[in-house]
Amino acid sequence: MSNDPAQDLLDAHGYYYAKQKAAEEQGWPELAEMHKYNADCAFDAFLEVTEEQYGPKRR
């Protein structure tokens, strides 16, 4: 873990995304779905943290 919560959450997203893809390739759809959920949660939390740190994204 680093001192940057946003980086930690982005790292967690990448970790769970890789686990999801591996589970899909090995034929474990239920496990893949669990890892996808974790990856999605980590990415949503990343977006919340970056918005708190840097303000809302400009469009």
Side-chain angles (χ1 to χ4, degrees):
M1 291 184 65
S2 69
N3 289 332
D4 183 2
Q7 184 62 52
D8 292 341
L9 290 166
L10 198 55
D11 291 345
H13 168 72
Y15 171 80
Y16 286 117
Y17 181 78
K19 299 280 277 182
Q20 172 196 350
K21 292 302 174 189
E24 287 172 354
E25 290 173 5
Q26 294 175 7
W28 294 89
E30 296 87 6
L31 186 60
E33 187 63 32
M34 182 187 75
H35 290 312
K36 180 184 183 320
Y37 175 79
N38 289 336
D40 290 347
C41 288
F43 193 72
D44 289 344
F46 165 78
L47 293 176
E48 287 180 24
V49 166
T50 55
E51 187 172 301
E52 288 173 6
Q53 288 178 342
Y54 304 110
K57 180 179 174 184
R58 294 183 184 170
R59 296 177 189 217

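Linking ILVMFWY residues whenever their side-chain heavy atoms come closer than 4.5 Å, directly or via other members, leaves Leu31 and Tyr37 in distinct clusters. Cluster annotation: Tyr15 and Phe43 are assigned to distinct hydrophobic clusters (Ile/Leu/Val/Met/Phe/Trp/Tyr, side-chain heavy-atom contacts under 4.5 Å, transitive).
Without hydrogens or angle criteria, His13 side chain to Ala39 main chain gives a donor-acceptor distance under 3.5 Å.
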Point to revise | From CA spacing to verdict: salt bridge (charged side-chain N to carboxylate O under 4.0 Å, His left out), Glu24, Lys21 | key: CA-CA 5 Å; Glu24 287 172 354; Lys21 292 302 174 189; 3.3 Å; yes

Practice item. Would you please test Gln7 and Asp11 for side chain to side chain contact (heavy atoms under 4.5 Å, CB included) and show each step? Key: CA-CA 6 Å; Gln7 184 62 52; Asp11 291 345; 2.7 Å; yes

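From Tyr17, atom OH reaches atom NE2 of His35 across 13.5 Å, with rounding to the nearest 0.5 Å.
Listed here is the closest heavy atom pair of Gln20 and Ala32: CG-O, 3.5 Å. When all heavy atoms of Leu9 and Phe46 are compared, the pair lying nearest together is CD1-N, 3.7 Å.
For the pair Glu51/Leu47, no side-chain contact is recorded, criterion being any heavy-atom separation below 4.5 Å from C-beta on.
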